[in-house]
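These notes concern the structure reproduced below.
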Amino acid sequence: MIKSTFIFCLLFLFFTSSFCLIHDLRIQDDSRQRFFIENFGFEAGGVIHLSVSNFKLSTKTQKDKVVAGFLIKKSETDSSRFLEETEEFSCLLNEAYLSSDDKIVLLDLNQEVIVRDFIIPFGAEGFYNTYFINCEEETLATFELVLTQYNRGPNYLSAGESPLPTMYGCLFILYVTALLAWVIGFLREQGNRVFGIHYLMALLLVLKMLSVFFKSIELHYLKLNGHPGGWAVIYYIFTFLKGITMFAVIALIGTGWTFIKPFLSDKDKKIFLIVIPLQLLDNIALVVIEETAPGTQGWFTWKDIFRLVDIICCGAILVPIIWSIKHLKEASSIDGKAAKNIQKLRLFRQFYLLVVSYIYFTRIIVYLLDATLPFRYVWLGDLFTEIATLAFYIITGYKFRPVPDNPFLDTELEDIEQAKNNNNSNHSNHSNQSKINN
């Protein structure tokens, strides 16, 4: 069942992603009077090609002429609140709401196909948001829209996304370097104590390295052709695996697995049974939302819901870390082990703050930043996220590295030896007691 569902999702992603930056939107009996369709950052010479077919408007009374169409409005940032800032029942096709750079495409019930082309002149560069506006109340709209947007070249990436293929290519090189340093410098170094979690960290680096590599290829073909072909599916596969592995590694470190204890408690297992499947479904859903046209009904609502679920998952993986901190606080008061447990406690507190900072920055700060960046600098949001992720991997790997002098790892062998000595001592005392009784 799980396998078939996963295959279905991949096939769905393949066919939806094939539209990509050449948007193909089909609306059937939609009651919304206005909604956002897409936006794009244009340099001078950029082209907007809009083709509408099979336009129908279901009304109670027959009309030969209706007021409905598309509004292409310029904005300064990616987060345009034009629809929210205007009166709910006002017709936005009115020139009172327009500037000299805005464009209108009026629809006609008597025309089967309407085609319009617009070229962005010098001095009018920026974000252009496309909206559908229906000024006829209590009507249902039906149409098919093909919206093609590109800059000179043609370059099908928005002006602020053009540097992304190169950026992800450079990140691939950085992750290759980090992986080699981890394997050669730590995993294969003589004398280091390597645990299972360290191999999982190496696997995470491999998956992250491959995901940024295929992201670079996907964006390259998007830039050239307006669609990535099958590269998008490959990228999504590695992104799924990377996301699950990353949450698993954070949660396992938080539980102290292989560091403090060689097993997971029932409470730890419950966290994994809740967070990992939820995160998997959330990642699949977010990708589907990203590859679905924003004009689809409920698109923004579902996107916000899945972002919220993602943040909840991030909060849930903090629970094992909090449990470990609480356990170490209690253990630090035991005579003879206070210093060792205090060292563990200090490291876990640092790891907790590191995870919280990473989640807050990548899920909230970058999200707010994306909404305010000028159209030429949208790529900075992706850059800041990737830099934060790389820094998180490096700091976590360094703190939990498999080296002999790591105070956190030293205590595990000592605890095992002490447990063995206690068992031997108990066995010896039992034998002596038996001799005395005899």
Side-chain angles (χ1 to χ4, degrees), residues 16-25 36-53 69-80 82 98-105 113-132 144-172 212 214-232 235 290-291 293-295 369-383 386:
T16 54
S17 63
S18 63
F19 298 131
C20 292
L21 297 182
I22 301 175
H23 301 283
D24 193 336
L25 178 64
F36 171 77
I37 295 177
E38 191 54 79
N39 72 351
F40 196 84
F42 285 100
E43 297 285 3
V47 175
I48 303 173
H49 174 80
L50 187 146
S51 175
V52 186
S53 59
F70 295 93
L71 170 62
I72 303 174
K73 187 169 183 63
K74 183 182 175 184
S75 66
E76 296 299 324
T77 64
D78 192 10
S79 178
S80 174
F82 172 66
L98 307 180
S99 67
S100 58
D101 295 324
D102 298 338
K103 309 168 194 313
I104 290 179
V105 178
V113 179
I114 299 174
V115 179
R116 296 288 187 274
D117 289 298
F118 302 99
I119 299 178
I120 307 301
F122 286 98
E125 301 91 342
F127 273 117
Y128 282 81
N129 305 275
T130 303
Y131 305 93
F132 173 73
E144 295 180 12
L145 170 68
V146 176
L147 179 63
T148 306
Q149 304 174 106
Y150 56 88
N151 286 301
R152 287 187 295 181
N155 176 3
Y156 289 94
L157 287 180
S158 179
E161 297 176 343
S162 292
L164 288 179
T166 303
M167 186 197 82
Y168 280 103
C170 294
L171 284 168
F172 168 72
V212 297
F214 288 113
K215 180 68 173 178
S216 177
I217 295 177
E218 178 202 7
L219 289 171
H220 173 72
Y221 281 100
L222 274 173
K223 185 175 182 177
L224 294 180
N225 306 320
H227 59 83
W231 292 108
Y235 162 70
E290 290 294 335
E291 293 299 327
L369 183 66
D370 285 338
T372 58
L373 285 171
F375 79 100
R376 288 191 177 97
Y377 301 102
V378 173
W379 63 277
L380 289 177
D382 293 80
L383 177 63
E386 294 298 335

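- Salt bridge annotation for Lys223-Glu161: absent, with no cationic side-chain nitrogen under 4.0 angstrom from a carboxylate oxygen.
- Between Val378 and Phe127 the shortest side-chain heavy-atom distance falls below 4.5 Å.
- Put simply, the side chain of Phe118 reaches to within 4.5 Å of the side chain of Val105, judged on heavy atoms.
- Side-chain atoms of Ile120 and Lys103, non-hydrogen and from C-beta on, do get closer than 4.5 Å to each other.
- Within the model, atoms OG1 of Thr166 and CG of Leu171 stand 11.0 Å from one another, a figure rounded to the nearest 0.5 Å.
- Taking all atoms of both residues into account, the shortest heavy-atom contact from Glu218 to Ala232 is OE2-CB, 3.8 Å.
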TODO: Give the intermediate values and the outcome of side chain to side chain contact (heavy atoms under 4.5 Å, CB included) for residues Phe70 and Val52.
DONE: CA-CA 10 Å; Phe70 295 93; Val52 186; 3.4 Å; yes

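- Just one of Ile37, Ile48, Asn39 meets the side chain to side chain contact (heavy atoms under 4.5 Å, CB included) condition when paired with Ile72; it is Ile48.
- Of all the heavy atoms in Pro165 and Ser216, the pair that sits closest is O-OG, 2.8 Å.
- The CD1 atom of Ile114 sits 11.0 Å away from the CG atom of Leu145 when rounded to the nearest 0.5 Å.
- Considering all non-hydrogen atoms of both residues, Asn151 and Ser158 come closest at ND2-C, 4.1 Å.
- Scored by the side chain to side chain contact (heavy atoms under 4.5 Å, CB included) test, Val47 finds Ile119, Tyr150 as partners (sequence neighbours excluded).
- Side chains of Leu164 and Trp379 form a contact here, defined as non-hydrogen atoms less than 4.5 Å apart.
- Here the side chains of Tyr128 and Asp101 are in contact, with some heavy-atom distance below 4.5 Å.
- Minimum heavy-atom separation, Leu222 to Pro228: CD2-CD, 3.7 Å.
- The shortest heavy-atom contact between Ala44 and Glu125 is N-CG, 3.3 Å.
- Heavy atoms only, all atoms of each residue included: Tyr156 and Thr148 are closest at CE2-CG2, 4.0 Å.
- Taking Ser99 as the reference, Asp102 meet the side chain to side chain donor-acceptor pair (under 3.5 Å) condition, with sequence neighbours excluded.
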Task: Stepwise side chain to side chain donor-acceptor pair (under 3.5 Å) test for Asp382 and Tyr168 - done: CA-CA 9 Å; Asp382 293 80; Tyr168 280 103; 3.2 Å; yes

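- Phe40 CZ to Leu147 CG: the interatomic distance, rounded to the nearest 0.5 Å, is 9.5 Å.
- In this structure, Thr130 and Gln149 have side chains that are in contact, with non-hydrogen atoms separated by less than 4.5 Å.
- Contacts classified as side chain to side chain donor-acceptor pair (under 3.5 Å) and involving residues 114-124 (residues at least two apart or in different chains) are given here: His49-Asp117.
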